[in-house]
Amino acid sequence: MKNVLITGGCGFIGANFIHLIRSRHPDCRLVNLDKLTYAGSLKNLSGLEDDPRYRFVQGDICDGELVNCLFSEEKIDTVVHFAAESHVDRSIDGPAEFIRTNIMGTFTLLEAARKMWIPDPSPVTRHASRFLHVSTDEVYGSLGETGYFKETTPYDPRSPYSASKASSDHLASAYHHTYGLPVVITNCSNNYGPFQFPEKLIPLMIDNALHGKDLPVYGDGKNVRDWLYVEDHCSAILEVLQKGKPGETYNIGGNNEKQNLEIVMTICDLLDEMAPPLPDGRKRTSLIRFVTDRPGHDRRYAIDAVKIREEIGWEPSVTFEEGIRKTVRWYLENREWVEAVLDGSYREYYSKKYGK
Ligand SMILES: NC(=O)c1ccc[n+]([C@@H]2O[C@H](COP(=O)([O-])OP(=O)(O)OC[C@H]3O[C@@H](n4cnc5c(N)ncnc54)[C@H](O)[C@@H]3O)[C@@H](O)[C@H]2O)c1
C-alpha cells in the first residue's frame, strides 16, 4: 500500500476514506481520480491541497488512456474504487450514466490493473497489489421480515443502480478468477455521516426539517435499511485492504436496522433539541408527508457481518444514537458546505421529483 489510487474520492464515502487513510497511513501516496459530477466536491477535501503525498486528478474512470497513464506514472499498487453514480432515484429517471460509469468505468480500471500488474513476473509485486471494489448490499435484492444478506446470497438486483453495481461486482470477480487479479469486493449497507450529498435520505431530511420544509417519505415509511456510520465503513475498508484475501467478498453492516420513518422522526426530535424552534412553534415531526412510493422500492436490507468480524476482526464502533447525533451536529455546523454543494442543477432535480 505505497501508491494508492482512490476513485471517486471527492464523493461522500471516498472523501471520508481519504481523511481516514491520510491520518492512519501518513506515508502512503494518494492519487484521487474524480470527475467531479454533481455528487463530488473539492470542498470535501479542503486542507489536503498542499500535501505533497496527495494528488487530485479531475477525470473520468471511463477514460482508458488517462487511467493507464496514471497507473504507470504513479506506479499504482493499490486501488480503492468508489467512483460510481450512486443515487437509486436518478438511476430510475436516467439509467444510461449508471451503465457507463458503474460498468464501463469499473471495466476500464480492471483492464488498467490487469495490464500493469499481471504481466509483472515478480510474485512480490503481484502479491503486494490490491484492487478493492466498493459495492453495495443492494445487489442482493430485497428481504422479507426475516433473514440476512450473506456473502453467499444469490444476486437479485432490482433497480438500474443495483443492477449496474451487480454487473461491476461480477466483472471484478471474473478478473480475479480469469487473470488472477488480486481483487477484493466489499458489499456495504446504507451509510450516513458528514459530506453526504443532501439528496440522500438523512441529509435531505436534516436540511428540510431545519428550514421547516415538508419531509417527503416514500410509501408507508416502513422500508428498512441497516445504517452504518461512514467512518466505520471506511475503517472496515482499510482493514479489508490489509487483511482481506484476494477473490473474497466481505459484507459490511451496522447491525442497526431502522425503518425510514423512524430515522426521519429521530432527526426531527434531534433538530427540535439542537436547532432554533420552527417560527410557529410546531414540532418538526408535523412536517412529515407520505409521497408516492419509489417504483420497485426494496422493502428491507439487512447484513450478516459475521465473516468480516471473524476473519478480519472488524466491528462497527459507533452506535446509531451517537452517529446520528454527530451527523445532525455536522450539518448544523457546516451550513456553508451545504449551500455550496446545492447548486442550481440539484434544486431543479428536486422540484421535478417532489414538486415545489
Ligand atoms: N452511500 C451509501 O450508502 C453506499 C453504501 C454502500 C456502497 N456504496 C458505494 O460506495 C461508493 C461511493 O458511494 P458514495 O455514496 O460516496 O457516492 P457519491 O455519489 O457521494 O460519490 C461518487 C463520486 O464518484 C465521482 N464520479 C462519478 N462518476 C465518475 C466517473 N465517471 N469518473 C470519475 N469519478 C466519478 C463523483 O464525482 C463523486 O465524487 C459507490 O460505489 C457506491 O455504490 C455507497
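Ligands are counted one by one from 1 in listed order, and the atoms in each one are counted from 1 as well.
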**Asked** Which of the numbered atoms in ligand 1 are below 4.0 angstrom from a heavy atom of T37?
**Response** 27 (C), 28 (N), 36 (C), 37 (O)

**Message:** Give me the nearest non-hydrogen protein atom to atom 40 (C) of ligand 1 as residue plus atom name, then the distance to 0.1 Å.
**Reply:** F82 O, 3.1 Å

**Request:** Any atoms of ligand 1 less than 4.0 Å from a non-hydrogen atom of Y161? List them with their elements.
**Result:** 42 (C), 43 (O)

**Message:** Nearest non-hydrogen contact with atom 18 (P) of ligand 1 belongs to which option: S86, S41, S189?
**Reply:** S86

**Protein contact to atom 38 (C) of ligand 1 [nearest heavy atom, distance to 0.1 Å]** = D34 OD2, 3.6 Å

**Request:** Scan D269, L270, L271 and name whichever one has a side chain to side chain contact (heavy atoms under 4.5 Å, CB included) with E273.
**Result:** L270

**Asked** Hey, which of E145, E138, E257 is the one that makes salt bridge (Lys or Arg N to Asp or Glu O under 4.0 Å) with R300?
**Response** E257

**Message:** Considering non-hydrogen atoms of the protein only, which is the closest contact for atom 44 (C) of ligand 1, and what is the distance?
**Reply:** I13 CD1, 3.4 Å

**Request:** Distance to 0.1 Å, residue and atom name: give those for the protein heavy atom nearest to atom 34 (N) of ligand 1.
**Result:** K35 N, 3.0 Å

**Request:** For the pair E322 and R325, find out whether any cationic side-chain nitrogen is under 4.0 Å from an anionic carboxylate oxygen.
**Result:** no

**Request:** Indicate the ring-plane relationship of F17 and F82, choosing parallel, tilted or perpendicular according to the 30° and 60° boundaries.
**Result:** tilted

**Asked** In the protein, which heavy atom is nearest to atom 22 (C) of ligand 1, and how far is it?
**Response** A84 O, 3.5 Å

**Ligand-side contact atoms (ligand 1) for residue partner L36, heavy atom cut-off under 4.0 Å** = 37 (O)

**Min N/O separation C62 to ligand 1 under 3.5 Å** = no

**Request:** Could you check whether the rings of Y155 and H170 sit parallel, tilted or perpendicular, using 30° and 60° as the cut-offs?
**Result:** tilted

**Prompt:** In the protein, which heavy atom is nearest to atom 28 (N) of ligand 1, and how far is it?
**Reply:** T101 CG2, 3.6 Å

**Message:** Taking the ring of H87 and the ring of F197, is the distance between their centroids below 6.0 Å?
**Reply:** no

